[in-house]
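Naming convention: chains lettered A, B, ... in sequence-line order (proteins, then strands); numbering from 1 in each chain.
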Amino acid sequence: MNTLIWLPFLPLLGTLIPLFSSRYSRTACAFYTAALPALTLFLVLSYAGDIFQGERFQAAIPWIPNIGLELAFRLDGLALLFSILILGIGLLVILYARYYLSEKDPIGKFYAFLILFMFAMLGVVLSDNLIQLWFFWELTSISSFLLISFWGHKTEARKGARMALTVTGAGGLALLAGLLVLGNTVGSYSLQVVLDSGDLIKSSSNYPVIVVLVLLGAFTKSAQFPFHFWLPNAMAAPTPVSAYLHSATMVKAGIFLMARFYPALADTNLWFLIVSLTGLATFLMGAYIALFQHDLKGLLANSTISHLGLITLLLGMGTDLAAVAAVFHIINHAIFKASLFMAAGIIDHESGSRDMRQLNGLWKYMPYTATLAMVASASMAGVPLLNGFLSKEMFFTETLHQASLGSLSWIIPVLATLGGALAVAYSTRFIHDVFFNGEPINLPKTPHEPPRYMRVPVEILVGLCLLVGIFPGFLAGDLLASAASATLNGPIPEYSLSIWHGFNLPLLMSAIAVVGGLIVYKNRSHMFKFQAQFPKSNPLMVFEASVQFVTRQAGTLIRFTENGSLQRYIFAVLGLMVIMTISTLVKLNTTAGLRPEIPVDAMTITAAFLLCVSALATVIWHRKRVVALITLSVVGLIVSLAFAQFSAPDLALTQLSVEVVTVILLILALFFLPQKTPKESHPRIVIRDLSIASLIGGIIGTICYAIMTRPLDTISTFFTANSKTGGGGTNVVNVILVDFRGFDTLGEITVLGIAALGIYKLIARMRLFMPSSDGKGRPWSDDKHPILLSVISQSLLPLALLVSAYIFLRGHNLPGGGFIAGLITSVAIIQQYIAHGVIWIKTRLKLDYQILIGSGIGIATLSGLGSWAFGHAFLSSWFDYFYLPAIGKFELASAMIFDLGVYLTVVGATMLILANLGQLTTSERPVLKEDE
Amino acid sequence: MLDITITFVAAIICIALFLNLWRLLQGPTLSDRILALDTMYINAIALILLYGISSSSALYFEAALLIAMLGFVSTAALCKYLLRGDIIE
Amino acid sequence: MPFYLEIIICLSLIIGASFLFIGSYGLIRLPDIYMRLHSPTKASTLGITGVLVASMIFQSYEKGGFSVQELLITLFLLITAPIAANMIAKTALHHKIKPLKRTQNQDLIDSICEREEPKKADEKSV
Amino acid sequence: MQHLSIFPILIPLLFGAIMLLPPISRELQSQRISAIIGTLFLLISSATLLITVDQEGTQLYALGGWQAPFGIALVADRVSSLLVLLTSFIAFAIMLFAISGKDKGGAYFHPLFMFQVMGINGAFLTGDIFNLFVFFEVLLIASYALLLHAGGKQKTQSAMHYVLLNLVGSSLFLFGLGILYGTLGTLNMADMAIKIGQLEGETTTIAKTGALLLLIVFGLKAAMLPMHFWLPRTYASASAPVAALFSIMTKVGIYSIFRVYTVIFGDEAGELANIAQNWLWPLALLTIAAGSIGAFASPNLKTLNANLVIVSSGSLLVCAALNSEGATSAALYYMVHSTLASAGLFLLADIIARQRGKAEDRIVHSRPFSQPRLIGFAFALSAMTLIGMPPLSGFVGKIMILQATQSMAQTLWIWPLIIISSLAALIALSRAGTTFFWRHNGSPSTDDIAAKPTEIAGIALLILASPLLVLFGGELSEFTQQAANHLHSIQSSAYSLLPGVTP
Amino acid sequence: MKLFPMPFHSILLFVVWLLLNNSFSAGHIVLATFFAIGIPLLVGDMRDEHPKIQKPWLAIKYVLMVLKDIVSANIEVALLIIGPVYRLSPGFVAVPININSDLGITVLASTVSLTPGTVSAEVSKDKKWLYIHTLHLMNEAKLVEEIKSRYESPIKEIFGC
Amino acid sequence: MEGIYAFCVGLLTACGIFLTLRGRSFSVVIGLTLLSYAVNLFLFASGRLKLNAAAVLGQSEQYSDPLPQALVLTAIVIGFAMTAFAVILAMRARADLGNDHVDGTLPSNNEDSQRSGGQH
Ligand code: NA
Ligand code: NA
């Protein structure tokens with residue numbers, strides 16, 4: 001496989017190395033950590049020659065084709081440039097961090113995060129697929145979050161990191177949207193295709209959306225105005241992190257993005273307006289704010305913002321030369337800013353402070369470091385013979401060569417010069433305030449030169465500043481050319497990298513900037529005074545406050561909607577139901593269908609009247625609970641009669657037996673509940689509820705009527721036709737239950753069993769309210785077990801069992817079955833509990849209801865599994881007729897075994913519920929087993 | 001003749017049910033209501049049997065039997081509740 | 001169906017229904033709960049028996065065999081009706097529901113409620 | 001294997017029943033062992049089923065030998081077998097977690113767990129709409145009982161709402177079923193799909209009300225606005241393994257919506273074609289919004305996670321509303337991803353709550369963790385998955401959903417909401433994470449509260465599944481694509497699912 | 001364990017099974033026997049000790065008598081109900097009883113409830129008194145005497161207690 | 001007949017819904033029970049009403065639709081299980097939370113509820 005694929009993954013592999021090598025020594029750890037990035041850098045450089053020749057390397061393997069994601073890498077000039085920056089500066093930072101971090105800091109973790117970030121950055125710059133690019137883009141956000149919050153115990157670190165993550169994360173999401181639109185527009189997520197489709201994109205109606213979304217991603221990452229505020233607060237990170245992320249890598253990712261998509265998106269008015277104006281604003285604002293920072297890193301951070309603005313401005317101009325200048329400044333800024341951060345870190349490390357009001361006159365204590373810092377600062381200020389000068393000259397030149405603002409185009413060079421002056425001013429401040437300007441004030445430590453190797457990275461970078469500044473063509477020429485060519489996706493314009501271009505306008509602008517900057521610095525006290533008039537606003541506080549605000553508002557809203565009122569929740573469900581059904585039902589023109597209706601008879605009217613009156617009485621008296629229970633029983637009774645009347649004897653039987661068990665259950669529960677319901681609904685609520693209840697009643701009634709009066713073509717004829725021949729029973733309903741749809745029944749008894757288990761759980765830990773008197777304050781009677789009831793119940797038990805056996809056995813052919821039989825048995829046993837009490841039963845009835853449930857479900861399931869032995873599907877039934885002498889013909893059916901399972905489950909479940917509930921008040925109450 | 005008788009008898013039982021309902025709603029005591037419910041069970045049995053006769057079907061017998069068996073249990077449980085609160089003790 | 005059978009069925013139906021009706025009627029008509037207890041307990045049991053007999057004869061004829069299942073319902077009712085009446089009476093007494101004013105031996109009610117032996121008339125007067 | 005399709009239902013059923021019987025019922029240890037064996041069997045058989053379906057196509061299982069539409073048929077197609085495997089996988093992982101002690105605090109944890117899994121698998125596999133109701137009830141009743149596991153006022157209170165709301169829901173379900181049977185005369189979903197196209201006149205209108213009633217029921221399960229209110233409190237109060245298992249329950253509602261409204265009321269349903277979509281649109285988007293707002297307002301991690309479940313429900317409902325193969329494929333991928341992620345976080349939240357002393361999982365400062373690295377790492381992975389950040393699975397699902405929009409209007413509504421919801425998750429989870437792992441006072445607890453090996457294993461299975469979903473995202477998304485393709489073509493080839501009838 | 005712990009019930013169950021099934025077929029007789037033996041064995045424990053029926057013939061005679069009384073009771077009560085209510089003179093009566101078995105007391109109380117104008121309302125704790133309510137109390141002493149002679153003594157005799 | 005039947009179903013539904021919307025658990029349970037009656041009758045009616053047509057082979061000349069009957073039977077059982085659970089949960093809530101309001105807390109500023117609160 002192409003080595004290109006492995007390039008970014010080599011450092012990823014390296015993420016593990018520091019975690020395991022940190023136990024040896026910090027130096028060893030740093031050494032091992034550096035190995036793979038160094039190797040990667042070596043590999044990258046090995047491509048350099050060909051790339052300088054204009055070649056481009058690409059490699060791809062499919063990954064998730066459905067979303068257009070493939071593992072695709074490209075190494076062209078731009079990628080090469082960034083890879084070298086990422087890996088090169090990364091290696092220096094590894095070395096630097098070895099000395100910067102204290103013994104207490106977990107260096108292994110630090111390196112791991114750093115390498116992870118390096119991997120992500122490499123992924124971004126090497127990506128040849130839009131989705132993959134975004135993939136790594138987000139990884140940079142995450143890994144930078146981890147790095148910024150490395151000292152997470154500090155509030156600023158935590159909050160700063162979170163803010164950085166939020167802002168860049170939001171931008172990342174916008175970027176994703178932008179890239180998806182871009183991909184859709186082009187029809188491919190391949191970067192090369194996109195880059196080659198510039199015209200298509202720019203003429204597409206999606207173009208503005210794409211530009212805005214992609215730029216949102218870029219601007220947030222590169223701290224462009226108005227998203228710049230996160231960067232200074234990210235300075236809570238350890239300085240090596242700043243030196244890496246905020247000079248050469250992370251913040252450059254946004255710049256990289258703009259450069260990467262330059263051929264596809266740039267060179268339109270929209271692009272120019274957004275990008276260059278944003279860049280300009282950022283450039284000036286960053287420089288201005290940098291001037292007022294007392295914190296060394298704050299100054300550098302804002303200067304970074306400013307320089308990023310400068311690059312953005314260049315990229316926005318849309319000319320090829322501006323793009324070249326931008327690429328060049330990317331290189332130069334990375335070099336001097338990294339060295340400056342490192343110098344600041346050394347100062348902080350050795351003096352214990354970064355406050356320029358305390359740091360004075362360090363020249364005396366650390367002259368060597370001071371020299372390095374001063375060179376780098378000078379480069380930042382754009383002093384000749386240093387690299388910063390060259391790209392700034394190009395920048396000034398380009399500001400003069402544009403006419404985008406029409407007659408107002410002169411504003412740009414003027415403002416650029418102003419920005420240059422501010423840069424000179426803050427660079428001067430960095431040099432003068434720190435290294436000169438009297439004696440240090442209250443420093444925690446006496447400053448001295450850092451360890452030898454801590455300086456090495458700075459030395460290298462500052463050396464590069466000088467070398468590039470003096471021999472630009474030799475050192476950076478090819479790199480710049482190939483990077484610029486990749487940026488432009490085509491030939492590069494003519495430009496000269498020489499130091500001296502003669503006396504020209506840009507040189508004048510530089511001169512003005514230097515002089516102006518010095519003047520500004522000189523009069524800084526006035527400016528500080530001027531600035532002091534404005535209220536200080538810490539972006540972090542603002543950010544936190546706004547997050548807090550949103551959180552609070554969200555909380556208020558949630559407390560309002562999710563107010564914990566079940567009545568409201570149910571109302572919401574029902575309200576939705578009313579809206580949905582009514583919107584449909586209005587289209588029903590005729591309620592009655594063509595099916596002839598059954599004539600009405602007196603019996604039906606009576607029953608209906610009884611039903612309605614009792615139902616209404618239940619509602620009206622629902623606050624008198626026992627009365628409501630009695631009227632509810634009447635409703636249940638009438639419902640069973642209705643089933644009986646309309647040819648459903650099985651249903652009638654089931655309804656009757658369930659009814660009794662339910663009533664007993666409700667009575668049992670009523671003992672532990674208040675006897676009465678207070679009147680607490682506001683009349684308005686009552687009217688509201690009455691309205692929705694009547695509406696729903698009306699809807700359901702209407703639908704019910706509409707259905708019943710229409711003919712139906714159903715599959716049921718199959719059941720009546722096959723019940724006897726296929727299922728071996730004449731009671732079709734029962735055959736459906738135990739055979740045709742036995743699976744439903746299996747589920748149903750499982751439900752019953754589970755309900756019983758759940759109820760047992762509920763009861764097992766229940767605290768009790770045991771009223772000593774009824775609702776009217778009358779004490780309970782002392783007759784626990786009325787004698788007549790006790791005696792009669794004993795006699796009824798065998799009879800009831802016989803009846804349930806009868807109901808069970810006939811079920812297959814006549815109304816009945818295991819379920820009803822089970823309920824009858826349960827009621828009979830409950831009757832014994834009522835009549836005799838728990839203790840009496842306990843000594844006489846040794847039934848483990850839990851085992852009944854388990855075996856019931858088990859038997860039903862096994863009866864279904866039996867058919868497997870004969871190669872039939874689960875629950876396939878068999879039945880046969882047998883002849884025994886003297887008895888005659890009789891039938892045996894597997895369905896009966898199934899029904900036995902049903903019977904056992906029903907008895908077990910009902911008894912587990914009722915008996916345990918009853919036992920609550922006794923010494924036999926269920927308690928939690930110790931081991932559970 | 002049987003048809004007319006059945007209609008007539010059904011009407012009578014229906015009236016009886018109305019009377020039970022009246023007592024059930026009227027009360028005045030809970031005992032009255034339970035008594036009314038208990039009587040209703042009996043009238044319901046009659047109604048079911050009558051329906052069985054009128055439709056010449058023996059399928060309704062079990063329903064009647066169950067009402068007889070289970071109605072008693074529910075009456076007993078309600079009474080026990082009024083007496084003791086706790087019906088299983 | 002032979003005419004005599006039809007007559008018998010009709011008769012038992014009418015007799016049964018009448019008793020059922022009277023039972024329910026008494027439930028409305030009688031003035032206190034204790035008196036009302038009598039009417040469904042007794043009148044209804046006979047009433048239901050009438051209907052059951054009719055059903056028995058009818059179903060026996062319909063099936064061409066004999067159908068005596070209905071006896072079971074009677075059996076159940078005969079066993080349970082007194083107990084139900086007893087339970088209801090107990091609740092009424094427990095709730096100290098005042099009987100009709102002219103009820104005799106009202107002084108017994110306290111003893112009944114307490115399930116004590118009746119207090120002798122002479123003890124009471126002391 | 002002939003009976004493979006029913007294994008995912010029978011295995012938990014039988015294990016559940018056996019655990020109620022002695023000798024296993026007597027000893028917690030033997031219940032644990034059988035629970036692990038049971039879920040492992042389940043996992044193996046579900047995986048086998050998926051492979052079989054992938055290779056041999058949809059498996060029909062006619063229960064009792066009665067062919068559809070007369071008997072109940074199980075339909076193991078790519079969609080259902082994927083979700084069954086998902087269920088089995090999280091069941092296994094959760095069970096690993098639970099046997100370290102979370103199964104204590106109340107009786108019957110293991111059998112109830114098994115029964116709930118059975119209910120979920122049954123709901124996925126059944127091809128019969130009434131049987132779906134039955135399995136809904138199985139999984140609901142088991143969830144009621146499990147919700148109360150280990151007791152506490154909070155649980156009782158939230159269970160009250162959950163149970164009563166669902167009881168109302170079940171009533172509506174039956175009304176809906178009554179209407180559909182009363183107009184179509186059949187219960188098998190494929191048969192319904194055929195008959196729905198043949199409906200004439202005003203019966204169509206009646207059938208439509210039935211369909212909409214079902215939408216409400218499924219919406220209630222899926223926590224669709226305005227029926228989502230119950231979810232945060234319920235999930236937040238449930239004990240960890242239960243909450244984790246619940247993370248698949250909203251998906252049952254979503255799945256049913258896909259089944260019913262693409263198969264029965266799909267493109268070929270004549271007048272009733274795509275009736276749900278008009279309702280789903282606004283409600284789905286509002287659900288995302290409500291979940292995001294809830295996530296913002298969440299005072300603790302469990303509530304936060306619960307609100308993210310609502311967000312994921314909303315996103316899935318959006319896919320249902322989009323009603324295209326791409327959207328369905330996205331939904332299937334997203335379902336797998338979000339179920340695993342939220343289950344993992346629910347388990348993790350328990351460890352977090354345990355190690356933070358009185359602060360529990362509230363987003364306030366607390367004592368430090370006793371296993372900060374392990375938990376921090378797990379939390380970070382979990383959070384990134386849920387936010388939808390690469391390299392974890394959330395981003396694939398998110399992109400698939402975003403790519404599924406087809407018209408400008410769809411894009412304009414869906415994209416901002418999906419993106420803002422991700423941002424809300426990002427903010428909420430990063431706030432929670434930084435607070436948990438960095439805002440400390442005091443010293444770690446000295447009690448024995450460290451995560452136990454099986455707990456770690458359970459969480460690891462769930463959390464580490466996420467990178468695998470990305471790594472093998474190509475295969476998985478190809479599978480979901482085929483599954484979606486199948487789901488959308490069932491209606492036109494319904495007779496192939498009905499061996500009992502001929503066109 | 002005895003094969004027939006409850007002989008009376010066994011017979012009852014046997015008969016009831018045949019009644020339920022309306023059949024005297026061999027198959028049902030086998031089943032009836034099975035249940036007549038099986039169910040008492042199953043519920044044998046669920047019983048208090050009750051006296052056995054000592055004089056079955058007397059029991060049958062008693063049952064027939066009660067049935068006859070029930071019919072007359074019904075007619076009597078029906079007449080009372082439809083007659084003028086203001087003439088009714090209800091009352092409570094305490095009947096001293098002397099039966100040493102709960103079963104006996106229950107049978108007596110049930111009989112009383114089923115027969116003319118009386119309902120058993122309560123049994124005293126010491127089981128020496130049966131309180132009844134009469135719909136139309138004419139002669140208290142006569143009523144007590146009638147209950148004791150007509151019902152209580154045969155019951156005592158039947159159960160031998 | 002169908003009209004009366006539908007009216008009853010509608011009325012039961014309305015009664016059930018109204019009670020389900022009450023604040024106290026017992027009322028809600030009663031409401032759900034009423035609602036489940038309505039549901040069962042409704043589901044039953046989806047097979048259409050028929051007289052003298054029990055689906056028992058050989059017992060009638062025509063057969064009513066047995067399938068909805070089987071469904072209703074299942075629904076009744078499940079409904080019972082659910083109701084039972086809800087009832088016990090209501091008890092448990094009363095025990096745990098000290099009141100029988102479905103929300104676990106009594107609505108504030110309500111004289112009636114405070115008065116009744118002292119009753120137990
Ligand atoms: Na009790
Ligand atoms: Na008790």
Side-chain angles (χ1 to χ4, degrees), chain A residues 564-567 570 597-598 600 608 611-612 615 619 622 625 628 639 646-649 651 654 658 665 669 672-674 677-680 689 693-694 696-698 700-701 704-705 707-709 712 714 716 719-720 724 730-733 736-737 744 748 751-752 755 758-759 762 766-767 769 913, chain F residues 1-2 4 6-15 17-21 23-24 26-27 30 37 42 45-46 48-51 53-58 63-67 69-70 72-74 76-78 80-81 84-85 87-89 91-92 94-95 100 102-103 107 110 112-113 116 120:
Chain A
S565 161
L566 178 69
Q567 285 152 283
I570 296 182
E597 295 188 36
I598 304 171
V600 178
L611 180 86
C612 295
V619 169
H622 75 271
R625 295 182 168 183
V639 170
F646 297 114
S647 319
L651 283 185
T654 312
V658 165
L665 185 75
F672 302 97
L673 292 170
T677 308
K679 200 171 182 174
E680 61 190 0
D689 294 349
S694 343
I696 293 178
I700 293 296
C704 187
Y705 183 69
I707 288 179
M708 283 190 294
T709 52
L712 174 68
T714 148
S716 294
F719 302 125
T720 31
K724 180 74 178 163
T730 51
N731 180 5
V732 187
V733 177
I736 293 178
L737 283 171
D744 274 348
E748 159 204 322
V751 169
L752 197 58
I759 287 170
L762 275 171
M766 183 130 64
R767 281 190 312 134
F769 288 81
I913 296 169
Chain F
M1 193 84 91
E2 275 81 359
I4 293 177
F7 177 81
C8 290
V9 172
L11 185 91
L12 276 180
T13 311
C15 291
I17 296 277
F18 179 77
L19 286 184
T20 308
L21 285 165
R24 300 297 173 138
F26 192 78
S27 312
I30 297 279
Y37 290 149
F42 184 92
S46 71
R48 312 300 187 259
L49 302 186
K50 271 187 186 169
L51 297 177
V56 179
L57 301 182
Y63 302 116
S64 60
D65 189 343
L67 186 53
Q69 295 187 20
V72 172
L73 228 147
T74 305
I76 290 176
V77 180
I78 289 177
F80 165 69
F85 193 89
V87 171
I88 310 303
L89 180 59
M91 284 171 57
R92 175 67 185 254
R94 208 283 169 113
D100 68 330
V102 287
D103 300 331
N110 194 310
D112 273 325
S113 64
S116 74
H120 309 290

Winner by heavy-atom pair count (cut-off under 4.5 Å) against chain A, out of [options]:
{"options": "F:V9, F:I78, F:T13, F:T74", "value": "F:T74"}
{"options": "F:L49, F:V72, F:I17", "value": "F:L49"}
{"options": "F:R92, F:K50, F:R48, F:M1", "value": "F:R48"}
{"options": "F:V102, F:I76, F:L12", "value": "F:I76"}

_At a 4.5 Å cut-off on heavy atoms, which part of A:Y705 comes close to chain F: side chain, backbone, both, or neither?_
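Both backbone and side chain of A:Y705 come within 4.5 Å of chain F.
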
*A:S565 portion near chain F, given a 4.5 angstrom heavy-atom threshold*: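 It is both, since atoms from each part get that close.
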
*Without swapping roles, check the side chain of F:R24 against the backbone of A:T677 for a donor-acceptor pair under 3.5 Å.*
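Judged by distance alone, no pair lies under 3.5 Å.
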
_Closer than 3.5 angstrom, by distance alone: can the side chain of A:S716 be matched with the main-chain N or O of F:D65 as a donor-acceptor pair?_
no

Is the shortest side-chain heavy-atom distance between [X] and [Y] below 4.5 Å?
{"X": "F:I30", "Y": "A:H622", "value": "no"}
{"X": "F:Y63", "Y": "A:V732", "value": "no"}
{"X": "A:I759", "Y": "F:V87", "value": "no"}
{"X": "F:D103", "Y": "A:Q567", "value": "yes"}

By a 4.5 Å heavy-atom criterion (distance strictly below it), what part of [X] contacts chain A: side chain, backbone, both, or neither?
{"X": "F:L51", "result": "both"}
{"X": "F:S64", "result": "side chain"}
{"X": "F:L67", "result": "both"}
{"X": "F:F7", "result": "side chain"}

With rounding to the nearest 0.5 angstrom, report the [atom1] to [atom2] distance, [X] to [Y].
{"X": "A:F672", "Y": "F:I88", "atom1": "CZ", "atom2": "CD1", "answer": "9.0 Å"}
{"X": "A:F646", "Y": "F:Q69", "atom1": "CZ", "atom2": "CD", "answer": "12.0 Å"}
{"X": "F:F85", "Y": "A:L762", "atom1": "CZ", "atom2": "CG", "answer": "4.5 Å"}

Shorter than 4.5 Å, heavy atoms on both sides: which option in [options] has the most such pairs with chain F?
{"options": "A:T654, A:I700, A:L566, A:I598", "result": "A:I598"}
{"options": "A:L712, A:D689, A:I570", "result": "A:D689"}
{"options": "A:I707, A:T714, A:N731", "result": "A:I707"}
{"options": "A:E597, A:M708, A:K724", "result": "A:M708"}
{"options": "A:A693, A:G701, A:G564", "result": "A:A693"}
{"options": "A:V751, A:L752, A:L651, A:L737", "result": "A:L651"}

*asked:* If you apply the rule side chain to side chain contact (heavy atoms under 4.5 Å, CB included), what do you find for F:V77 with A:V658, and how did you get there?
replied: CA-CA 8 Å; F:V77 180; A:V658 165; 5.6 Å; no

*Closest approach of A:L665 and F:A84, non-hydrogen atoms and distance?*
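Heavy atoms only, the tightest pair is CD2-CA, 3.3 Å.
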
